Amino acid sequence: MFDSEFERGLFDLRRAKLTEIEKLGQAAYPNQFPASHTVHDVRATWGETTSEELEANRVTVAVAGRIMAIRAQGKAGFATLQQGGERLQIYVRQDAVGEQGFALYKLLDLGDHIGVSGYLFRTRTGELTVHVERLTFLAKAMLSLPEKYHGLADVELRYRQRYVDLFTNLDSREVFVKRAKVLRALRQFFDERGYLEVETPMMQQVAGGAAARPFRTHHNALDMDLFLRIAPELYLKRLVVGGLDRVYEINRNFRNEGISTQHNPEFTMLEFYQAYANYHDLMQLTEELIEFVARAVNGTAKTEFNGHTIDLAHWQRLTMREAIRQFWPEEAGAKPAPTAFDSAQVFQARLHAAIASLEKVAGETTRIAPERLAELKTVRDAVAGVYYDSMKGAPVGKSVYNLFEAVVEPFLIQPTIIYDYPVEVSPLSKAKPDDPAHVERFEFFAGGFELGNAFSELNDPVEQHKRFEQQLGERDRGDDEAHQMDEDYVRALAYGLPPTGGEGIGVDRLTMLLTGSKSIRDVILFPLMRKQQESENRDQGTGTN
RNA sequence: GAGCUCGUAGCUCAGUAGGUAGAGCAACGCCCUUUUAAGGCGUGGGUCCUGGGUUCGAAUCCCAGCGAGCUCACCA
């Protein structure tokens with residue numbers, strides 16, 4: 001519990017103070033405090049009331065809070081109480097609270113919880129303040145608080161000791177208040193449209209619905225290995241087979257992959273399915289949904305993210321091919337012709353020329369701004385990777401997708417829907433009726449990253465079985481992210497899944513966008529951290545003396 | 001998994017031509033009845049992340065490890 005002798009010593013001092021507090025007739029750990037108002041109530045109700053009005057009609061309140069600042073002045077003193085993320089000043093003077101009350105005030109420390117009752121007034125500088133008549137001790141902070149001006153700045157400590165972060169950095173608290181608003185708005189949106197909220201298994205015998213490595217666990221009584229789910233997709237579609245035409249689920253997914261500013265091993269996913277809808281319907285719904293959530297959370301569709309103002313009320317829609325042509329960097333030479341995506345040979349030649357052109361530009365260090373140059377070098381390396389994969393025999397659709405990720409995705413700052421994906425990268429999507437090389441699928445982006453993925457669902461059980469078998473082949477070749485066979489899911493499809501559109505949205509990322517958070521860890525209360533080394537202080541202590 | 005950067009008091013941070021550590025806040029004592037990053041006087045507090053190495057001497061230089069941040073890779 002203690003990180004140092006300083007903390008141990010402080011703890012002992014505070015315990016002594018608790019004893020003193022008890023001697024004053026107060027409980028060290030009382031069970032409740034009957035507050036008449038929250039701090040928010042007080043500020044909302046009397047925040048604008050003038051000093052004269054407060055004197056003419058005396059208002060008495062009882063409020064509780066944590067002491068975040070304390071300023072003693074001889075036989076009087078101030079303190080700042082914080083409760084519910086808001087602050088209210090109190091004024092304690094000996095002639096108002098009596099000797100016992102003032103003795104208690106002097107035993108208070110930063111971080112303590114107290115309750116006060118008294119009347120409202122304004123100080124000389126105009127600040128709304130409680131003139132305390134009775135002071136009630138509620139709980140003691142036995143450890144010292146972070147520096148009061150800067151708060152807790154150490155990013156690691158903010159994640160590991162979120163409980164301190166939350167009450168010292170109110171900005172951090174605000175992010176999680178907004179996160180709750182995101183969830184509420186999502187539910188409201190779908191509830192109003194007749195979707196049923198459901199909960200499907202988090203522990204699954206077959207971890208399906210996405211390409212990712214799962215976490216493994218074990219049920220003892222049944223002696224059965226289980227996986228934490230990587231997606232709810234296959235269960236939600238079973239429900240549509242069962243006649244729940246519109247369903248949604250907001251819950252955690254678990255993927256045994258790397259950690260980054262955009263990835264946490266457990267993350268929150270919204271998935272929804274709508275019978276009789278296709279991907280065009282979902283595009284429309286998505287644009288409405290994101291704008292609705294933004295307005296519900298921030299009161300505006302505009303959000304500041306990473307130095308950009310993003311307008312979530314205005315979307316553009318591009319096919320993947322159009323997007324590649326539109327975002328093609330001029331430094332990479334001529335844009336690929338619309339037909340260049342159809343043949344592996346033509347496509348490879350185009351890539352080869354682009355690399356050569358980028359290579360040449362990379363040498364001209366004097367003509368180009370350093371930032372743009374770094375960007376172009378990243379693009380060059382990525383294009384080279386795409387070219388290399390393509391030469392090794394990657395299907396052309398896969399290469400087109402990889403190229404898209406290299407030259408387009410990082411630059412999709414304003415909200416954009418990219419649609420018509422190559423079939424090779426979309427094993428659960430339905431092909432376009434007039435173009436079997438492409439599927440009815442879209443992803444949408446903002447702030448430079450992917451927010452969601454949607455498609456018209458494959459509902460042919462024979463085709464689905466075939467695709468699972470192909471995935472098994474990939475698995476045998478060593479791809480441990482390939483889908484597993486799910487016979488029961490194929491059986492469900494065999495009962496008949498109506499034409500259905502489905503979509504998944506990363507709730508953490510949406511929250512990042514709406515709160516201006518650059519790291520996913522800033523929107524997850526307790527992000528996964530590496531195990532800390534055992535502190536020597538905590539376990540030794542008898543080794544030497 | 002790779003590259004770069006960082007790790008000094010409870011917290012926020014200073015501290016290199018290598019000479020064994022400092023400020024503010026917090027803590028402790030005293031003064032102060034309208035302060036608000038309150039103020040004044042005084043005091044205590046450090047395995048300088050850990051372990052090696054170089055050196056007469058290491059917070060500082062080198063190596064390894066641990067932890068973190070950023071970028072990249074896998075992925076959403």
Side-chain angles (χ1 to χ4, degrees), chain A residues 2-11 13-14 16-17 51 68-80 87 89-97 102 109-111 121-127 129 131 141-161 164 168 210-213 230-231 253-271 374 377-378 381-382 385 405 409 443 445 449-453 479-481 504-510 512 518-521 529-537 540 544:
Chain A
F2 301 113
D3 281 339
S4 66
E5 282 309 308
F6 172 87
E7 289 199 341
R8 190 184 299 276
L10 188 64
F11 196 89
L13 273 168
R14 298 275 160 105
K17 282 189 178 181
S51 184
M68 295 304 289
I70 192 159
R71 297 177 289 280
Q73 287 192 318
K75 297 199 164 39
F78 291 90
T80 302
R87 292 181 168 200
Q89 179 170 268
I90 63 167
Y91 181 50
V92 183
R93 39 193 294 175
Q94 190 174 54
D95 55 18
V97 297
F102 203 71
D109 291 296
L110 287 178
F121 77 109
R122 285 190 185 276
T123 62
R124 225 175 255 166
T125 55
E127 177 153 353
T129 304
H131 197 291
M142 310 294 278
L143 296 168
S144 78
L145 265 50
E147 208 256 359
K148 66 184 171 191
Y149 186 61
H150 298 91
L152 193 62
D154 185 301
V155 182
E156 181 179 354
L157 283 180
R158 289 186 41 229
Y159 297 150
R160 289 195 194 272
Q161 301 185 30
V164 178
T168 50
R213 285 194 293 273
I230 56 175
N253 285 350
F254 305 87
R255 298 191 184 174
N256 210 335
E257 310 275 359
I259 293 175
S260 81
T261 49
Q262 287 168 34
H263 301 86
N264 194 63
E266 55 177 304
F267 63 102
T268 300
M269 181 84 125
L270 158 70
E271 281 203 19
K377 284 183 174 169
T378 308
D381 292 348
E405 289 195 319
E409 178 168 349
E443 293 186 320
F445 302 82
F449 54 79
E450 182 193 339
L451 280 171
N453 178 25
D479 181 358
D480 51 2
E481 290 184 4
I505 296 177
V507 173
D508 311 279
R509 289 186 180 179
L510 181 57
M512 286 167 65
K518 278 191 270 187
S519 171
I520 197 169
R521 295 179 144 194
M529 303 290 281
R530 230 176 271 269
K531 197 160 62 173
Q532 258 179 323
Q533 229 175 352
E534 289 295 320
S535 167
E536 307 266 320
N537 281 329
Q540 275 186 349
T544 55

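Only a predicted model underlies this, so the values are computations on that prediction, with no experimental measurement involved.
Taking atom P in both B/U8 and B/U60, one finds a spacing of 13 Å when rounded to whole Å. Separating the P atom of B/G39 from that of B/U47 is a span of 29 Å, rounded to the nearest Å. When the C1' atom is used for both B/G15 and B/G22, the distance is 7 Å, rounded to whole Å. The separation of B/G46 from B/G40, taken at their P atoms, amounts to 26 Å, rounded to a whole angstrom. Going from the P atom of B/A17 to that of B/G69 covers 32 Å, rounded to whole Å. Taking atom P in both B/C4 and B/G65, one finds a spacing of 13 Å when rounded to whole Å. Atom name P, nucleotides B/U34 and B/G44: the rounded distance is 32 Å, in whole Å. Going from the C1' atom of B/G29 to that of B/C11 covers 22 Å, rounded to whole Å.
To the nearest 0.5 Å, the span separating CD on A/Glu405 from CD on A/Glu443 amounts to 7.5 Å.
Minimum atom distance to the side chain of A/Ser519 is reached by B/C70, of the listed B/C70, B/G10, B/A38. Comparing B/G10, B/C11, B/U33 by their nearest atom to the side chain of A/Ala76 picks out B/U33. The side chain of A/Phe6 has B/A26 as its nearest neighbour among B/A26, B/U33, B/U12. With distances taken from any side-chain atom of A/Pro146 to the nucleotides B/C11, B/A76, B/A26, the minimum falls on B/C11. In the set B/U33, B/A26, B/G24, the nucleotide with an atom closest to the side chain of A/Glu147 is B/G24. Here B/A76 is the nucleotide among B/U34, B/A76, B/U12 with the atom lying nearest to any side-chain atom of A/Glu450. Distance from the side chain of A/Tyr91 is smallest to B/U33 among B/U33, B/G44, B/U12.
Residue A/Phe121 is classed as a base contact, given a heavy-atom separation below 4.0 Å to a base. Within 4.0 Å of A/Ala153, counting heavy atoms only, lie sugar-phosphate atoms of the nucleic acid but no base atom. Among the protein residues, A/Asp95 comes within range of the nucleic acid bases, having at least one heavy atom under 4.0 Å from a base atom. At the heavy-atom level, A/Gln262 lies under 4.0 Å from base atoms of the strands shown. Residue A/Ala211 is classed as a sugar-phosphate contact, given heavy-atom separations below 4.0 Å to backbone atoms only. Contact annotation for A/Arg521: backbone-only contact, meaning every heavy-atom pair under 4.0 Å involves sugar-phosphate atoms and none involves a base. Nucleic acid contact for A/Leu451: none, since no nucleic acid atom lies under 4.0 Å from a heavy atom of the residue. Residue contacts shown for A/Gly506 are absent, as no nucleic acid heavy atom lies under 4.0 Å away. As judged by a 4.0 angstrom heavy-atom cut-off over every strand, A/Gly504 is placed among residues making no nucleic acid contact. Residue contacts shown for A/Gln89 include a base, since a base heavy atom lies under 4.0 Å away. Residue contacts for A/Asn256: at a heavy-atom cut-off of 4.0 Å it reaches no nucleic acid atom on any strand shown.
Atom-to-atom, CD of A/Glu405 to P of B/C74 comes out at 8 Å; the value is rounded to the nearest Å. Here the C1' atom of nucleotide B/A76 and the CG atom of A/Asp508 are 9 Å apart, to the nearest Å. Taking atom NZ of residue A/Lys75 and atom P of nucleotide B/U34, one finds them 13 Å apart after rounding to whole Å. Rounded to an integer number of Å, the gap from CG of A/Leu145 to P of B/A9 is 18 Å. A/Tyr149 places its OH atom 15 Å from the C1' atom of B/A38, with the value rounded to the nearest Å. When the C1' atom of B/U12 is taken as reference, atom NZ of A/Lys148 falls 13 Å away, rounded to whole Å. Atom CG in A/Leu110 sits roughly 12 Å away from atom C1' in B/G10 (whole-Å rounding). Rounded to whole Å, the distance from CG on A/Leu152 to C1' on B/C13 is 14 Å.
Residues A/Ala141 and A/Leu110 share a closest heavy-atom pair of CB-O, 3.7 Å. Heavy atoms only, all atoms of each residue included: A/Leu270 and A/Val507 are closest at N-CG2, 3.7 Å. A/Arg255 and A/Ala210 make their closest contact through NH2-CB, 3.5 Å (heavy atoms, listed as atom of the first residue, atom of the second, distance). Heavy atoms only, all atoms of each residue included: A/Leu152 and A/Val164 are closest at CD2-CG1, 4.0 Å. Taking each heavy atom of A/Ile230 and A/Asn253 in turn, the nearest pair found is O-ND2, 3.3 Å.
For B/U35, the OP1/OP2 oxygens have a side-chain nitrogen or oxygen of A/Arg124 closer than 4.0 Å. A/Thr261 has a side-chain polar atom (N or O) that falls below the 4.0 Å cut-off from OP1 or OP2 of B/U71. At least one side-chain nitrogen or oxygen of A/Arg530 sits closer than 4.0 Å to the OP1 or OP2 atom of B/A68. For B/A38, one of the phosphate oxygens OP1 or OP2 lies less than 4.0 angstrom from a side-chain nitrogen or oxygen of A/Arg71. The phosphate of B/A68 has OP1 or OP2 within less than 4.0 Å of a side-chain N or O from A/Arg160.
Within 6.0 Å of NZ in A/Lys17 there are more than 12 heavy atoms belonging to other residues, nucleotides or ligands.
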Return the polar atom pairs (N/O with N/O) between nucleotides 28-30 of chain B and the protein under 3.5 Å, or none.
| unit_1 | atom_1 | unit_2 | atom_2 | d |
| --- | --- | --- | --- | --- |
| B/C28 | OP1 | A/Lys17 | NZ | 2.8 |

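Checking B/C28 for Watson-Crick or G-U wobble geometry (two distances, each under 3.5 Å) identifies B/G42 as its partner. Remark: B/U33 base-pairs with no nucleotide; criterion is Watson-Crick or G-U wobble with both hydrogen-bond distances under 3.5 Å. Pair check for B/G69 finds B/C4; Watson-Crick or G-U wobble, both atom distances under 3.5 Å.
In this structure, the side chain to side chain donor-acceptor pair (under 3.5 Å) partners of A/Thr268, at least two apart in sequence or on a different chain, are A/Arg179.
Checked by atom type and distance alone, the side chain of A/Glu147 pairs as donor or acceptor with a backbone atom of A/His150 at under 3.5 Å.
A residue-by-residue look at A/Glu156 and A/Thr123 shows that A/Thr123 has its nearest nucleotide of RNA chain B further toward the 5' end.
Considering A/Arg509, A/Lys518, A/Glu450 in turn, A/Arg509 is the only one that fulfils the side-chain contact (heavy atoms from CB on, under 4.5 Å) rule with A/Gln262.
The aromatic rings of A/His131 and A/Tyr91 stand perpendicular to each other, their planes meeting at an angle above 60°, with 30° marking the opposite boundary.
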